[in-house]
Amino acid sequence: MSEFEYINWVRQRIPAHSRVLIGPGDDAASVEWSSGKPCLITTDMLLQGSCFLLEQTDPRLIGRKALAVNLSDIAAMAGRPVAAVVSVALPRVGGRKLAEQLYEGLSRIAGEFDTAIVGGDTNSWDGPLAINVTVIGEPTGSGPVRRSGAEPGDWILATGEFGGSILGKHLTFTPRVREAQRLHSLVRIKAMIDVSDGLSADLHHLCEESGCGAILEESMIPISEAARQMREGKSALEHALSDGEDFELLFAASPSEGRWLLRDQPLAEWGVSVHRLGEFVPEGFRLRTSDGVVRDIEPRGYVHEFDGGSS
Ligand SMILES: [Mg+2]
């Protein structure tokens, strides 16, 4: 079973609740608050051995990433982060130093994004390091941007460049919180996701939730320098399409608003460019290659898998 199959399994069973505006299956949930403004909630867990190799990674960067991935999910809703709770399972041996270094990384990025760390849970055990962060935020402007609003004819747009994040960006990326808020204030973002699983996989999530297809233009895909440096028997394009953890924004807007974004580049002051990658279409999932051939592609990216057990 994959994490996505499990999420769908849960979505089919979870009862509706009158206060839940957006439930499982988006970048963050939205819950109605009696004060009027809904509350955004998202959570993410990083595991030693699966999400990072402790012996090769500065623990401060692990702490930073544990919060940053959540900030990226709040960004994907065009939300503003407010507070975070952090739970850690620390290895008994060396746990104290690790805990302090994790906090150093966490608190620095929390300060940068004006997010209060308001609590959590600290456990120790004989297992590896696990760290889970939950962020609570609030929507901005006209409300949370969901994954489900893209329509055929909309442009596929994205911030930044893709591929090769394993060479460093997966630990040092900037969550696109302020970028998303600015885009949301300037144009109608019809659907949005942050690219954590991989460009093609996350575009496929947008398509599934929106009930449409997509066609990517090879000549338009912004391929990062890191993707070009990867030497793994895959082309730079394949890395850009399938490597995870770029943490860029992938979104839908009308062609007229997309044209305006490309011309005006409203994120340039932060060194972030907006690119067009293709177009949403009624159905199918395709790539138009640089020589004009249109072919079906498989959405590729990182998927957590688990089985039913041996008993
Ligand atoms: Mg996400």
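Remember, it's 1-based here, ligands and their atoms both numbered in the order they're listed.
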Is the shortest side-chain heavy-atom distance between Thr134 and Thr42 below 4.5 Å? no
Within a distance under 2.8 Å of the Mg ion (ligand 1), the protein atoms of type N, O or S are Asp27 OD1, Asp73 OD1, Asp194 OD1
Name all residues meeting the ring-ring contact (aromatic ring centres under 6.0 Å, His included) criterion together with His205; count only those two or more places apart in sequence or in a different chain, and write none if there are none. Phe4
Residue pair Leu216 / Arg288, side-chain heavy-atom distance below 4.5 Å: no
Got a second to check how far Arg80's CZ is from Arg178's CZ, nearest 0.5 Å? 14.5 Å
Residues pairing under salt bridge (Lys or Arg N to Asp or Glu O under 4.0 Å) where one sits in residues 290-300, two or more places apart or in two chains, turn out to be Arg286-Asp296
Pair listing, salt bridge (Lys or Arg N to Asp or Glu O under 4.0 Å) test, anchored in residues 97-109, at least two apart: Arg60-Glu104, Arg96-Glu100, Glu104-Arg108
